[in-house]
Amino acid sequence: MTAFNLLSEPIRKYIRDQRWESLRKIQEASIPRILGTDNNYVIISKTASGKTEAAFLPILSKVNFKERGVKVLYISPLIALINDQFLRVEKLCEYLDVKVTKWHGEASKAQKDHLIKNPEGIVLITPESLEAMFVNRPQNIHHLFSSLDYIVIDEIHSFLGSERGIHLKSLLNRLQQINSNRFSVVGLSATVSDVNQYAELKDYLGNSENTMILRDTTPKPINALFKYFPGSVEELSLDLLKDLYVRTRDSKILVFPNARGRVEEVAVKLKKISERVGGHQNYFSHHSSVDKEVREYVEFFAKSAKDENFCISCTSTLELGIDIGNVDEVVQIDATHSIASLIQRVGRSGRREGKSSNLYLYSTDRWSLLQSIACWLLYSEQYIEPIQITEKPYDVLVHQILSIVKGSSGLYLNELLTKIAGNSTFNHITEEEVREIIVHLQEIDFLEKLGHEYIIGVEGEIVVNHKDFYSMFHTPTFFKVSSQGVKIGELPLSPQIKEDENIFLSAKIWKIKYVDFEMNKIEVLPARDGKKPIFLSDGADSAHRIREKMLEVLFSNVQYEFLDKDGQLILDDMRTEFAVFSLNNFGSERPLMNSNDNLELFSFAGSKINKSIGFIYDYLGVEYNYFDHQSSFTFKQNTEINSVHSIISFNMSDSQINDVIRKHLELNPKLINVSKWGTYLPLKFQIEILKKIEYDFEGCFNFLRNLKLVENN
DNA sequence: GACCTGCTGCGGCGTG
């Protein structure tokens, strides 16, 4: 029997009405499996290949929606994605007379109230809204979600390896605890291509033995074209902008310049060029600091543009599956920090079936060029970074303890311990440790004992009742920028924020008229000329494998046909410069430039390993400057070469590392602020969290164990 | 020089 015939009649009618000629490969695979078993599935297939339908066609055929209670819960990392998927799923559900309800912070209160009165059908929700319900309306969790058949998690890769993902895993566990019949989970992703990630994925869904991976590996045809235009940190070169303008003139295009300030620079300057030569004016910027309504307008414009071309300069806000329709080309300015990110960005282009498209990789300096080449080669090899596993997520545990206690009206220690022990998210944290954390929370008045029962303490109430409670991540407070009542976006306080300064924001130029420091507001007026805005932010860590690949490229003599002439010349220059080192083993050997009292070590290691190496040099009292961009350490004049070598095979015991970090934390308690909930942990657990977030000591010692520094001859 | 993600409850106001 074909997959189509297995589906229920209303769903088949839907497919006929859509006039689909056939089902997609991934749908053919998923339909008989989801219909025939109660296994968990992860559906991996590239963007726009019908993943949503691969999950929903069989689920809607299978589930009995006549029963009371919500039957299918769809979880998404983005509100925008919920709004898109709502339209698609609702259209499908019209054929079945099944109710679909959006449940997120911006969704209609009336619709939510209606669902409470009639718990039924499908609900689309964010992890944070789910958390809020656990905390504020635990009775609704039971009322709505205690007879679930399926949970669908969209863009599941965006949760893996992050604190937000650990949080969601805990929420899934807590939902499973209140469902008498086990529900199945279906994850959707475009960005899990490495078999090494499968074990972690299966574990994430909570039922490893019964989780199957369905993967469509059809490669995506895309041509890479490299362009090299040296520029300064402050400004892109005019030649780059002119060249880029030509790409954007006649197509629908996304440009990824990696930083919000640069995103604005690209959008404003291309628009200016276009204005001068009479081209289209559809140049937009899209990032977290552009006003939400402006962003929605940009998305709407892109989605509905038929014959009109456009160019959106953006950050990772347009990496995930928000529907912006067809994009012809993708431009990446300077290298991405991970291959996963590159895969997502490439996935945005050539969405038209079978059409190949171009990826333009611009570089503005030589190290970035080298990193871009490494990224492209790894992408072509279908490499993807391993998922970072946190065995002991103490900070998420603190948050979940508060959530559980708040959601119950008082509970005994044993009840609390049982709930945590039954949650596989915290499997590796011992009961002893959980008890220590509970005692600490009591000491800082986050928990309080009323008779024999735990309730939220005085200090805890303040935190738990704040709207910031529901998420795992911090968000800085910015100044709201508006012009005559129209919201434009927001900017962080920087020396740039003063009256009469001109800045770019939302692809337009503004003069600051007034800064209201009381209300955190900035009033602006349109202007003709200005500068890109300054966003003070941390940026992402570069992956280890990318750095290793850069070394391999540097010491290879392969000529890449995808490079332009300037790029080829620059690469040749770098190769000549590094030819003074005889390297044979790229796994263990690293160049140490020794010239005229100048010592420079090129570690070609990931950012976290480099931070760990820096930590060790600090410990050994060796002074250095670190440059993440080129993965190098330079040392002060008169530094003994032996000191530089001293990290080789160096090892520190866990307790030595802990002692050093403890001292750092005692001197500067704010260090733990990198973790929103780590702040409320006992010091010894704060140390563990810092080791995980800031450093990679295990990777570092593995690297140092075999490290050989090769000097120039 | 450097990314991103979400948000309750309630009071007050305008409108039907």
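As the structure is a prediction and not an experimental result, all values here were calculated from the model. Lettering follows sequence order; numbering is per chain, from 1. Hydrogens, waters and symmetry mates are skipped; everything else that's a heavy atom, side chains included, is used.
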Asker: On DNA chain B, check which nucleotide each of A:E319 and A:K676 is closest to and give me the residue with the more 5' one.
Answerer: A:E319
Asker: Atom CZ of A:F469 to atom P of B:dG6: distance rounded to whole Å?
Answerer: 18 Å
Asker: In terms of side-chain heavy atoms of A:K532, which of B:dA2, B:dT8, B:dG6 is nearest?
Answerer: B:dA2
Asker: Could I get the full list of ring-ring contact (aromatic ring centres under 6.0 Å, His included) partners for A:H287, not counting sequence neighbours?
Answerer: A:F535
Asker: Measure from CG on A:N136 to C1' on B:dG9 and round the result to the nearest Å.
Answerer: 8 Å
Asker: Give a yes or no on whether the ring-centroid distance for A:F469 and A:H399 is below 6.0 angstrom.
Answerer: yes
Asker: Using the side-chain heavy atoms of A:Y470, tell me which of these nucleotides is nearest: B:dC3, B:dG6, B:dT8.
Answerer: B:dT8
Asker: Describe, in one word, how the ring planes of A:Y379 and A:W376 are oriented to each other, choosing from parallel (under 30°), tilted (30 to 60°) and perpendicular (over 60°).
Answerer: parallel
Asker: Rounded to the nearest angstrom, tell me the gap between atom CG in A:L124 and atom C1' in B:dG6.
Answerer: 16 Å
Asker: Remember a base hit wins even if backbone is also touched, and classify A:L320 as base, sugar-phosphate or nothing at under 4.0 Å, heavy atoms.
Answerer: nothing
Asker: Give one of base, sugar-phosphate or nothing for A:S341, where a contact means two heavy atoms less than 4.0 Å apart.
Answerer: nothing
Asker: With the side chain of A:S288 defined as its heavy atoms from C-beta on, choose the nearest nucleotide among B:dC7, B:dG1, B:dT5.
Answerer: B:dT5
Asker: For A:H286 and B:dC3, give me the distance from atom NE2 to atom P, rounded to whole Å.
Answerer: 16 Å
Asker: Contact class for A:H287 (heavy atom, under 4.0 Å): base, sugar-phosphate, or nothing?
Answerer: sugar-phosphate
Asker: So which of residues 102-112 of chain A are in contact with DNA chain B, with a heavy-atom cut-off of under 4.0 Å?
Answerer: A:H104, A:G105
Asker: A:Y394: what forms a ring-ring contact (aromatic ring centres under 6.0 Å, His included) with it, not counting sequence neighbours?
Answerer: A:F685
Asker: Do A:F301 and A:F284 have ring centroids that are under 6.0 Å from one another?
Answerer: yes
Asker: Any chance the rings of A:F473 and A:W677 have centres within less than 6.0 Å?
Answerer: no
Asker: Hey, can you pull the residues of residues 471-478 of chain A with a non-hydrogen atom under 4.0 angstrom from DNA chain B?
Answerer: A:S471, A:F473, A:T475
Asker: Do A:W103 and A:F86 have their ring centres less than 6.0 Å from each other?
Answerer: no
Asker: Please confirm whether the shortest side-chain N or O distance from A:R164 to OP1 or OP2 of B:dC3 is below 4.0 Å.
Answerer: no
Asker: Can you measure A:K467 atom NZ to B:dT8 atom P for me and round it to whole angstrom units?
Answerer: 10 Å
Asker: Scan residues 226-236 of chain A for pairs that pass salt bridge (Lys or Arg N to Asp or Glu O under 4.0 Å), counting only residues two or more places apart or in two chains.
Answerer: A:K227-A:D243, A:E235-A:K269
Asker: Could you tell me whether the phosphate oxygens of B:dG1, OP1 or OP2, come under 4.0 Å of any side-chain nitrogen or oxygen in A:R260?
Answerer: no
Asker: Have a look at A:D468 and say if it touches a base, only the backbone sugar-phosphate, or nothing, with a 4.0 Å heavy-atom cut-off.
Answerer: base
Asker: Indicate, with a heavy-atom threshold strictly under 4.0 Å, whether A:K292 touches base, sugar-phosphate, or nothing.
Answerer: nothing
Asker: Tell me the interatomic distance from A:E264, atom CD, to B:dC3, atom C1', rounded to whole angstroms.
Answerer: 15 Å
Asker: For the pair made of CG in A:N258 and C1' in B:dC4, what is the distance, rounded to whole Å?
Answerer: 13 Å
Asker: Touch check for A:R137, heavy atoms < 4.0 angstrom, all strands: base, sugar-phosphate only, or nothing?
Answerer: sugar-phosphate
Asker: Quick one, A:C375 with A:I546, criterion side-chain contact (heavy atoms from CB on, under 4.5 Å). Give me CA distance, side-chain angles, the key distance, then yes/no.
Answerer: CA-CA 6 Å; A:C375 285; A:I546 294 177; 3.8 Å; yes
Asker: Looking at B:dT5, B:dG6, B:dC3, which one has an atom nearest to any side-chain atom of A:S129?
Answerer: B:dG6
Asker: So, using salt bridge (Lys or Arg N to Asp or Glu O under 4.0 Å) as the criterion, who are the partners of A:R137 when residues are at least two apart?
Answerer: none
Asker: Are A:E385 and A:R545 within salt-bridge range, i.e. N to O under 4.0 Å?
Answerer: no
Asker: Return the value, rounded to whole Å, for the distance between atom CG of A:L168 and atom P of B:dC7.
Answerer: 13 Å
Asker: Of the nucleotides B:dC7, B:dG1, B:dT8, which has the atom closest to the A:H629 side chain?
Answerer: B:dG1
